[in-house]
Amino acid sequence: MRLDIVSIFPEYLDPLRVALLGKAIDAGRISVDVHDLRNWTHDVHRSVDDSPYGGGPGMVMKPEVWGPCLDDVCPDDALLVVPTPAGVPFTQATAQRWSAEKHLVFACGRYEGIDQRVFDDAARRVRVEEVSLGDFVLIGGEVAVMAMIEATVRLIDGVLGNPRSHQEDSFSDGLLEGPSYTRPVSWRGLDVPPVLLSGDHAKVAQWRHEQALERTRARRPDLLADPVKPAGDRGPDSG
Ligand SMILES: CN1CCN(Cc2ccc(Cn3ccc4ccc(-c5n[nH]c(N)c5C#N)cc43)cc2)CC1
C-alpha cells in the first residue's frame, strides 16, 4: 500500500515512522510520503488560507493551493480521504475496507477546513471520502489521519507480528473485548479469574464472550441496540 499525506505541518506525521509502522515501511509493505502543502503556494508569504465567504469565524484553506497539489499527489486510481468533523464516521469496517486499497491519499486540513470545491473538483476524477474520527473537534486533520492510518495499516497482512491479533479485535464480532490478564496470578490482592488458569479452552472462550457482552452492555449499548442496522461499513454512498 502507498500512502501520501498532505499537510502544512509535515513533521506532525513523523510518528508514523516509529515502531510497527516503521518496520512495515522498512519491510516494503507500505510506503509513506508526506507533502508540505506550502510547496504549492504562489505568493511570497506562502498563503494557504483566506477569509470565508458569507462571513463567520476563522479562515478557510484556498482551492488554488489544494487543487494543484492534489493534481500532482493524487492519481485517478487512488482513494482520496478527507478527515473532517462533518464526515461519515470512521469505523473498524472503514479500516477493513481501506486496507484493500493500493493507494490512499490523505488531505489534512487546518483552520476551519478546506474550500469544498477542492473535493467537488477532485470527485470528477477520483473517489473521495470525507470521514470523521469521532464526535469531538480537533484543531486539524493530522491526528485523525494518523489514527486512521494506524487502524488501516495494522490490518495489512504481515504488518502485525501476530496475525491473530486483529482477527480478534474489538468490533470485529460487534462486541468490545473483555479484560486481559498476565503474570503474576495475584497482584496487590487482586487475583486472575480462576477460569483463565483452568486450561479448559471451551470454558475460557465462554467466559470471555460473557465478559465481552457484559462490558458492551455497560459501555456501548448502542452496539447491541439495533439489529436492523447494517453490520458493516456503509461505504462512501451513505450520504
Ligand atoms: C463556523 N463553523 C466552522 C467550522 N467548524 C467546524 C470545524 C471545522 C474544522 C476544524 C478544525 N479542522 C480543520 C481540519 C480538520 C480535519 C479534521 C478535524 C476533526 N475534528 N474532529 C474530528 N473527528 C475530525 C476528523 N476527522 C478538524 C479539522 C474545527 C471545527 C464549525 C463552525
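Keep in mind it's a predicted model, so treat the numbers as computed, not measured. All values below come from the heavy atoms of this structure, side chains included, with hydrogens, waters and symmetry mates left out.
For the atom pair CG of L155 and CG of L160, the computed distance is 7.5 Å after rounding to the nearest 0.5 Å. Residue L176 holds its CG atom at 12.0 Å from CZ of R217, rounded to the nearest 0.5 Å. Here F9 contributes atom CZ and R38 contributes atom CZ; the two are 6.5 Å apart, rounded to the nearest 0.5 Å. Atom OG1 of residue T216 and atom NE2 of residue H209 lie 9.0 Å apart, to the nearest 0.5 angstrom. Separation of atoms CD (E142) and CG (L13) is listed at 6.5 Å; rounding is to 0.5 Å. Here the straight-line distance linking atom NE2 of H103 with atom OG of S31 works out to 7.0 Å at 0.5 Å rounding.
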(request) Show your working on salt bridge (charged side-chain N to carboxylate O under 4.0 Å, His left out) between R124 and D121 and close with a plain yes or no. (result) CA-CA 6 Å; R124 291 166 170 164; D121 170 64; 3.0 Å; yes
(message) If you apply the rule side-chain contact (heavy atoms from CB on, under 4.5 Å), what do you find for W40 with V73, and how did you get there?
(response) CA-CA 11 Å; W40 281 269; V73 171; 3.9 Å; yes
(request) In sequence, state the C-alpha distance, the side-chain angles, and the governing distance for E210 and Q206, and then conclude on side-chain contact (heavy atoms from CB on, under 4.5 Å). (result) CA-CA 6 Å; E210 289 162 358; Q206 178 62 27; 2.8 Å; yes
(request) Show the numbers, then the answer: is there a side-chain contact (heavy atoms from CB on, under 4.5 Å) between V88 and E130? (result) CA-CA 6 Å; V88 172; E130 296 186 49; over 6 Å; no
(request) Start with the C-alpha gap between L196 and R208, add the side-chain angles, then the distance that decides, and say whether side-chain contact (heavy atoms from CB on, under 4.5 Å) holds. (result) CA-CA 9 Å; L196 298 180; R208 282 177 169 163; 4.3 Å; yes
(request) For Q96 and Q92, run side-chain hydrogen bond (donor to acceptor under 3.5 Å, both in side chains): C-alpha distance rounded to whole Å, both residues' side-chain angles, the deciding distance at 0.1 Å, then the answer. (result) CA-CA 6 Å; Q96 196 67 52; Q92 186 69 14; 4.6 Å; no
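L21 and I30 make their closest contact through O-CD1, 4.0 Å (heavy atoms, listed as atom of the first residue, atom of the second, distance). Of all heavy-atom pairs between S198 and V204, the closest is OG-CG2, 4.2 Å. The minimum heavy-atom distance linking P184 with V192 is given by the pair O-CG2, 4.0 Å. Among all heavy-atom pairs drawn from R125 and L70, the shortest one is NH2-O, 3.0 Å. Between Y111 and M59, the closest heavy-atom pair is CB-O, 3.2 Å. Looking at every heavy atom in both residues, P83 comes nearest to A107 through CD-O, 3.2 Å.
More than 12 non-hydrogen atoms from other residues, nucleotides or ligands lie less than 6.0 angstrom from CZ of F136. No more than 12 heavy-atom neighbours from other residues, nucleotides or ligands sit within 6.0 angstrom of CG on D135. The number of heavy-atom neighbours closer than 6.0 Å to CD of E150, taken from other residues, nucleotides and ligands shown, is 12 or below. Shown here is H42, whose NE2 atom has more than 12 heavy atoms of other residues, nucleotides or ligands within 6.0 Å.
Considering only heavy atoms from C-beta on, I8 comes within 4.5 Å of M61 through its side chain. Between T152 and M1 there is a side-chain heavy-atom pair separated by less than 4.5 Å. Here the side chains of R29 and D157 are not in contact, with every heavy-atom distance at 4.5 Å or above. Looking only at side-chain heavy atoms (C-beta outward), V131 and M148 come within less than 4.5 Å of each other. In this structure the side chain of V6 reaches within 4.5 angstrom of the side chain of W66, judged on heavy atoms. The shortest distance between side-chain heavy atoms of V105 and V126 does not fall below 4.5 Å. Under the 4.5 Å side-chain criterion, counting only non-hydrogen atoms from C-beta, V65 is not in contact with D49. Annotation: side chain of L20 is not in contact with side chain of R154 (no heavy-atom distance under 4.5 Å).
Residues forming a side chain to side chain donor-acceptor pair (under 3.5 Å) with R17 (at least two apart in sequence, or on another chain): none.
Taking the six-membered ring where the residue is Trp, F90 and W98 present tilted rings, their angle falling between 30° and 60°. Aromatic ring orientation, Y181 versus W207: tilted (interplanar angle from 30° to 60°).
Side-chain atoms of T41 never come within 3.5 Å of backbone atoms of D43 as a donor-acceptor pair (strictly under, hydrogens ignored). Looking at S132, its side chain does come within 3.5 Å of a backbone N or O of G134 through a donor-acceptor pair.
Checked options N39, D33, L37; the residue passing with H35 is D33 (criterion: side chain to side chain contact (heavy atoms under 4.5 Å, CB included)).
Using a 4.0 Å cut-off between a side-chain N of Lys or Arg and a carboxylate O of Asp or Glu, D115 and R117 qualify as a salt bridge.
A single hydrophobic cluster is seen to contain both L197 and V195, as judged by linkage of ILVMFWY side chains at heavy-atom distances under 4.5 Å, directly or through other members. The hydrophobic clustering, which links ILVMFWY residues whose side-chain heavy atoms are closer than 4.5 Å, places L138 and V60 apart.
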